[in-house]
Amino acid sequence: MSALGRGAGTRFGSGWISGVLAVVFSALAAGGVLCLRFPSLLTTPDARSYYPLGVVRFLIYACLVAGFGLGTLSVLLRRSKALGVTALLLATVATLLGGAGAEVGTTGGTAAYVGLDWFLLNVLVLALIFVPMERAFARLRAQSIFRPEWRTDLVHFAMSHLLVQVTVLLTLAPATLLFAWAVRPALQHAVQAQPLLLQFVEIVVVADLTEYVVHRVFHRVPFLWRFHEIHHSAPALDWLAASRLHLVDIVVTRGLSFVPLYLLGFTPSAVYAYLIFVSFHAVFIHANVRFRFRPIEWLVVTPRFHHWHHAAAPEAVDRNFAVHLPVIDRLFGTSYFPAGRWPEAYGLPGRSVPDGWLRQLAWPLRRGPGPVR
Ligand SMILES: [Zn+2]
Ligand SMILES: [Zn+2]
């Protein structure tokens, strides 16, 4: 029997769905209470003052009710009590720590923090958008939300958000440390004088051109491919598989893409608008959805375009590097976009990238068979 007690059946009515949902809701509630109690250690300093406390408390309350209710239902329905009991324990601990009425702890003191708030907020918002979308418009209907390796991808999602302080610092480092000398105030003023919408479009173009080059280098250089190989090892694609990225891949790609944006000095609100767009779009292009967007699929990267980047078929290998603009691949002769078709399979046939976040973190540094691509 697996850790989730799959051995006791996962069909509707077996208590598995209620059990998994109960654990998710109880964990969200417990995480929320911990953020309230220990804000200086577990929340993002820049975000703290923006949280509407009333809404946060209501969400914690709703998650606790769902956790207790679904946990009890799972215990009643299911022979294996592991899921239900875990959910009830988590919900009880969250309640004992103060529940929705937990006192807000003091801020200040420690400089280092973990972005637990950032993780909880993102997982909640993205799951609320993408889980129903993938159920309603699934490309592969038989593919479950809890497909094989979903836990590994959830840990990737969690770690990249929890370590937000480190990743942001390392993302800004190459630009600010190595290229401060190249800043030209006159150029930056001219860039900032443009309308915000124009700046947004320019950011998309500039960032994707850099990303295209960095992405292609990650595929071409064997040492770097071992890091990027983790992203391509996903055997199934959905919104969560988008998070399967080695930390080195994340930091190097973001860090280098930020350099031209830093030098051009775009207005912060245009950069924030791009960050919101990219955090949604990068997830969307991996989603298990059958949308085609035929009128604009030549203009903006769609799920079908990026799914071909992950295809196992030899003719699709090292194709479709662009993240936002397919025209870049056409310009450089790396586009593969057969009309109307979707890939038959994803991943790296014949490769043995291990399952598990920690094993994947160590994978590029392990000796083994050379990169195959
Ligand atoms: Zn790639
Ligand atoms: Zn991808």
Side-chain angles (χ1 to χ4, degrees), residues 44-47 111-119 122-123 126 152-180 182 203-204 206-234 240-264 266 268 271-272 274-283 285-286 306 309-310 321-324 353-354 356-366 371 373:
T44 317
D46 290 341
Y113 67 91
V114 172
L116 181 60
D117 57 336
W118 186 231
F119 164 61
N122 273 280
V123 83
L126 292 175
T152 295
D153 293 345
L154 183 63
V155 178
H156 274 287
F157 186 98
M159 294 310 286
S160 60
H161 284 81
L162 293 174
L163 296 174
V164 61
Q165 186 181 25
V166 180
T167 53
V168 167
L169 208 70
L170 291 176
T171 299
L172 303 182
T176 45
L177 292 177
L178 301 174
F179 293 94
I203 293 172
V204 170
V206 171
D208 209 23
L209 276 170
T210 328
E211 271 164 8
Y212 175 91
V213 174
V214 177
H215 191 178
R216 205 167 159 181
V217 170
F218 262 103
H219 276 247
R220 177 58 66 86
V221 178
F223 172 70
L224 290 174
W225 168 249
R226 291 186 72 93
F227 291 95
H228 188 57
E229 188 177 24
I230 303 301
H231 185 58
H232 283 270
S233 68
L240 200 52
S243 302
R244 179 185 285 232
L245 284 161
H246 196 282
L247 285 175
V248 170
D249 193 347
I250 295 177
V251 166
V252 171
T253 305
R254 286 190 198 164
L256 293 177
S257 305
F258 181 65
V259 172
L261 305 186
Y262 165 77
L263 291 177
L264 289 166
F266 289 102
V271 178
Y272 290 138
Y274 171 70
L275 291 178
I276 292 170
F277 165 71
V278 75
S279 58
F280 177 83
H281 187 237
V283 174
I285 60 176
H286 292 87
H306 192 67
H309 181 64
H310 284 264
F321 296 107
V323 179
H324 304 310
V353 173
W357 182 79
L358 207 57
R359 279 192 288 266
Q360 294 187 351
L361 189 71
W363 168 254
L365 304 171
R366 279 179 42 193
R373 194 68 177 166

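When a residue number appears, it is its place in the shown sequence, counting from 1.
- When side chains are defined from C-beta on, Leu209 does not count as touching Val206, because their heavy atoms never get closer than 4.5 Å.
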- Item | Val155 and Leu358: CA distance, side-chain angles, deciding distance, side-chain contact (heavy atoms from CB on, under 4.5 Å) verdict | CA-CA 9 Å; Val155 178; Leu358 207 57; over 6 Å; no
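- The side-chain contact (heavy atoms from CB on, under 4.5 Å) search around Ala234 returns Leu237, Ala241, Arg244, not counting sequence neighbours.
- Using a 30° and 60° split on the angle between ring planes, His228 and His215 fall in the perpendicular class, above 60°.
- With values rounded to the nearest 0.5 angstrom, Leu261 atom CG is found 6.5 Å from Thr210 atom OG1.
- Between the side chains of His286 and His231, at least one donor N or O lies within less than 3.5 Å of an accepting N or O.
- Screening residues 253-263 for side-chain hydrogen bond (donor to acceptor under 3.5 Å, both in side chains), with sequence neighbours left out, gives Asp249-Thr253.
- Arg216 meets the side-chain contact (heavy atoms from CB on, under 4.5 Å) test with Tyr212, Arg220, Phe321, Phe332, Thr334; sequence neighbours excluded.
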- Run the numbers on Val353 and Gln360 for side-chain contact (heavy atoms from CB on, under 4.5 Å), then give the verdict. CA-CA 7 Å; Val353 173; Gln360 294 187 351; 4.2 Å; yes
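- Applying the side-chain contact (heavy atoms from CB on, under 4.5 Å) test to Ala47 and every residue at least two apart in sequence or in another chain returns Thr44, Tyr51, Asp117.
- Scored by the side-chain contact (heavy atoms from CB on, under 4.5 Å) test, Phe277 finds Phe200, Val204, Tyr274, His281, His324 as partners (sequence neighbours excluded).
- His219 NE2 to Leu224 CG: the interatomic distance, rounded to the nearest 0.5 Å, is 11.0 Å.
- Residues satisfying the ring pair (Phe, Tyr, Trp, His ring centres under 6.0 Å) criterion with Phe227, sequence neighbours excluded, are Phe223, His246.
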If you look only at distance, which donor and acceptor atoms sit under 3.5 Å apart when one is on a side chain in residues 162-169 and the other is two or more places apart or in another chain?
{"unit_1": "Gln165", "atom_1": "OE1", "unit_2": "Tyr113", "atom_2": "N", "d": "2.9"}
{"unit_1": "Gln165", "atom_1": "NE2", "unit_2": "Ala111", "atom_2": "O", "d": "3.0"}
{"unit_1": "Thr167", "atom_1": "OG1", "unit_2": "Leu163", "atom_2": "O", "d": "3.3"}
{"unit_1": "Thr167", "atom_1": "OG1", "unit_2": "Val164", "atom_2": "O", "d": "3.2"}

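- The line from OH of Tyr272 to CD1 of Ile276 is 10.0 Å long, rounded to the nearest 0.5 Å.
- Not one N or O on the side chain of Asp208 forms a donor-acceptor pair closer than 3.5 Å with the backbone of Ala322.
- One distance of note links CH2 of Trp357 with CD1 of Ile230; it measures 11.5 Å at 0.5 Å rounding.
- Counting heavy atoms from C-beta on, the side chains of Phe157 and Asp153 never come closer than 4.5 Å.
- Summarising the geometry of Pro364 relative to Leu361, their closest heavy-atom pair is CD-O, 3.4 Å, with the distance given to 0.1 Å.
- With sequence neighbours excluded, no residue forms a ring pair (Phe, Tyr, Trp, His ring centres under 6.0 Å) with Phe258.
- The shortest non-hydrogen separation linking Ile285 to Ala282 is CG1-O, 3.4 Å.
- Residue Ser160 holds its OG atom at 8.5 Å from CG of Asn122, rounded to the nearest 0.5 Å.
- Side-chain contact check for Leu170 versus Ile250: every heavy-atom pair is 4.5 Å or farther apart.
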